[in-house]
Amino acid sequence: MFRLTTIALVGCFQDDGAAQEPLRPGTEVELTQCAGFLLEGSGGNASEVNTIYLWVSGLPTHPAGGHFRFHAQFPRSRYISYQNYSDFNTYGGANVDVLADTEIVPNTGSVNPFQAYVPYLDGKVSYTVDLLDIPLEDRPLPEPANILYGGYLRDGTPIDTNNVRYRVYVPDPGTDELGGVPLPKLFFVVDDPTQTSLEAIRKMCKKIHRAQRSLEATYSKTANVIRALSDKVAALRPPRSLDVGTVTYLANAVDPGDRGGHYMNAQSGYLYMQFDPLRGPVMAVRFKAPTFPDTEKGEEITEAEQVRYWSVCMQQTSVFLTTTGCLHDAQIEIDDDGYVRLAFSYPEDRPVVGGKPYGNWLAMTDIFAAVLLRHMQPNPEFSEALLFYTGDPVAQSAIAAHMGE
């Protein structure tokens with residue numbers, strides 16, 4: 001369902017000799033204790049089971065005397081991104097900015113394996129990302145490399161905190177959940193030593209730490225409540241079942257002007273398929289599968305694929321859209337004609353084909369069940385991708401016309 005992992009805390013800074021030296025422009029102070037907490041994407045608020053998130057929340061905007069920086073390594077995985085959001089309590093977790101993996105320029109001597117046909121080089125995959133609070137009208141064009149902007153919503157409204165979510169999808173076989181590399185490290189970079197001090201940075205770190213621990217506790221409590229409700233709902237069955245197959249479609253993509261973003265991935269488009277509660281015992285869908293790089297089988301990212309990743313997930317609309325199971329692209333059997341057939345039913349009604357339980361199947365876990373189809377980081381030439389749909393989100397015919405096959 002949902003798991004929280006607390007990062008080991010070793011104090012606000014590394015207490016070595018360098019930390020005792022006078023602050024100078026460019027000094028980097030490691031904020032180990034402020035580095036956030038991990039959310040494993042196996043349900044609940046994550047809405048996907050093949051990912052893990054580093055959630056660095058409560059970073060104050062316009063910190064006196066400097067800015068925040070991440071030092072990290074590219075993992076062996078299908079996808080990563082850095083996305084910045086507003087605070088949920090003020091502007092609903094609206095998207096502020098996104099830095100895609102293909103956009104990150106590696107450090108000198110390193111490579112970016114997410115760029116087309118670039119092989120992974122052990123020990124040579126480091127990069128640096130700076131978080132800068134700059135008003136929209138003052139941001140330079142073309143945009144400099146490796147900048148994640150903060151401080152302002154997409155419409156220019158100033159915000160008080162930045163909330164960065166680092167995503168890792170589908171680590172390579174044989175690696176860990178982070179793709180075989182350490183967590184990104186958070187630093188405070190001193191720009192003006194006259195405006196800050198080591199003690200001021202330490203106090204800021206402690207304040208961030210308290211905010212993150214509070215949010216972590218909230219997530220944990222919420223997860224426990226959701227888990228209990230989810231289990232109860234999954235055990236329910238409709239009072240009667242009719243042989244109907246009604247599906248209502250809802251298309252959803254991140255609107256840069258929408259302040260109610262709820263921490264949505266700005267590189268993904270979604271299609272919700274809401275099933276009639278009086279449906280027949282088995283529901284099925286068929287569509288043409290987008291092409292993708294099967295990195296789990298060693299395929300390279302070529303940027304010619306239609307999407308970087310796609311998946312289908314079962315959700316409980318009765319329990320805050322809790323995700324109870326997913327199948328991602330590489331797990332789904334694709335027919336010779338490029339189409340996929342997916343079945344959904346209660347566990348006791350799972351189809352059996354050729355004497356074996358049908359593989360392209362997800363268990364219904366709600367009388368008011370919904371399936372979420374996700375298209376992530378689509379190729380700009382793949383016009384049918386859900387991320388590019390701008391019509392009425394509930395217009396069935398418009399959605400069908402946009403998606404085609």
Side-chain angles (χ1 to χ4, degrees), residues 1-3 40-50 219-252 260 262 264 269-287 310-328 331-333 339-374 386 389 392-400 403:
M1 271 288 299
F2 182 85
R3 180 171 66 83
E40 184 182 1
S42 54
N45 296 296
S47 78
E48 176 61 280
V49 302
N50 302 301
Y219 267 102
S220 182
K221 292 178 182 178
T222 302
N224 290 334
V225 172
I226 289 176
R227 184 180 298 110
L229 288 174
S230 176
D231 290 344
K232 290 182 179 180
V233 167
L236 299 176
R237 296 293 183 270
R240 60 195 179 108
S241 179
L242 301 178
D243 189 14
V244 298
T246 305
V247 180
T248 302
Y249 295 96
L250 170 66
N252 197 353
H262 306 295
M264 288 178 60
Y270 308 89
L271 180 70
Y272 284 92
M273 295 173 274
Q274 177 76 58
F275 295 142
D276 192 303
L278 298 179
R279 59 189 174 266
V282 179
M283 298 291 288
V285 298
R286 181 176 182 268
F287 57 88
W310 69 271
S311 66
V312 289
C313 294
M314 181 63 66
Q315 293 192 306
Q316 296 174 313
T317 61
S318 301
V319 192
F320 314 113
L321 291 179
T322 296
T323 298
T324 57
C326 293
L327 291 172
H328 73 273
Q331 297 173 318
I332 297 172
E333 182 178 352
Y339 284 76
V340 297
R341 291 170 291 176
L342 299 167
F344 313 97
S345 71
Y346 289 114
E348 59 268 25
D349 296 321
R350 181 174 182 174
V352 176
V353 179
K356 297 180 180 181
Y358 190 58
N360 290 355
W361 171 85
L362 285 172
M364 293 281 193
T365 53
D366 192 354
I367 294 173
F368 300 95
V371 170
L372 175 69
L373 172 64
R374 172 186 284 100
L386 288 160
Y389 179 72
D392 185 338
V394 297
Q396 311 292 293
S397 59
I399 295 170
M403 296 187 68

Subject >> Within 6.0 Å of CZ in Arg350, more than 12 heavy atoms from elsewhere >> reply: yes

Subject >> Arg237: partners by side chain to side chain donor-acceptor pair (under 3.5 Å), with sequence neighbours left out >> reply: Glu348

Original post:
With side chains defined as the heavy atoms from C-beta onward, is the minimum distance between Tyr272 and Thr317 less than 4.5 Å?
Top reply: no

Subject >> Closest heavy-atom pair and its distance - Val319, Ile226 >> reply: CG1-O, 4.0 Å

**OP:** Check Gln315, Arg227, Met314, Gln316 against Thr322 for a side chain to side chain contact (heavy atoms under 4.5 Å, CB included) and give me the one that passes.
**Re:** Gln316

Subject >> Considering all heavy atoms, the nearest Pro393-Ile399 contact >> reply: O-CD1, 3.4 Å

Subject >> Minimum side-chain heavy-atom gap Arg374-Trp310 below 4.5 Å >> reply: no

Subject >> Non-hydrogen atoms of Leu327 and Gly359 that approach each other most closely >> reply: CD1-O, 4.3 Å

Subject >> Rounded distance (nearest 0.5 Å) linking atom SG of Cys326 with atom CG of Leu362 >> reply: 7.0 Å

Original post:
How many angstroms lie between atom CD1 of Ile367 and atom CG of Leu278, to the nearest 0.5 angstrom?
Top reply: 9.5 Å

Subject >> Residues which pass side chain to side chain donor-acceptor pair (under 3.5 Å) with Ser345, listed by chain and number, not counting sequence neighbours >> reply: Trp361

Original post:
Among all residues two or more places apart in sequence or in another chain, which pass the salt bridge (charged side-chain N to carboxylate O under 4.0 Å, His left out) test with Arg240?
Top reply: none

Subject >> Shortest non-hydrogen contact between Asn360 and Gln331, atoms and distance >> reply: OD1-O, 4.4 Å

Subject >> Qualifying residues under side chain to side chain contact (heavy atoms under 4.5 Å, CB included), relative to Val285, sequence neighbours excluded >> reply: Met273, Phe287, Leu342, Phe344

Original post:
CG of Leu250 to CG of Asp392: how many Å apart, nearest 0.5 Å?
Top reply: 9.5 Å

**OP:** Would you name the heavy atoms of Val282 and Ala343 that are closest together and state the gap between them?
**Re:** CG1-CB, 4.2 Å

**OP:** Not counting sequence neighbours, which residues clear side chain to side chain contact (heavy atoms under 4.5 Å, CB included) with Ala284? List them please.
**Re:** none

Subject >> Pro238 side chain reached by Tyr346 side chain, heavy atoms, under 4.5 Å >> reply: yes

Original post:
Which residues satisfy the side chain to side chain contact (heavy atoms under 4.5 Å, CB included) test with Thr248, sequence neighbours excluded?
Top reply: Gln274, Gln396

Original post:
What residues form a side chain to side chain donor-acceptor pair (under 3.5 Å) with Thr365, not counting sequence neighbours?
Top reply: Thr324

Original post:
Can you name the residues that form a side chain to side chain donor-acceptor pair (under 3.5 Å) with Glu333, not counting sequence neighbours?
Top reply: none

Original post:
Mind checking whether Met264 and Asn252 have side chains closer than 4.5 Å, heavy atoms only?
Top reply: yes

Subject >> pair Tyr389-Leu271: side-chain heavy atoms closer than 4.5 Å >> reply: no

Original post:
What residues, two or more places apart in sequence or in another chain, satisfy side chain to side chain contact (heavy atoms under 4.5 Å, CB included) together with Ala228?
Top reply: none

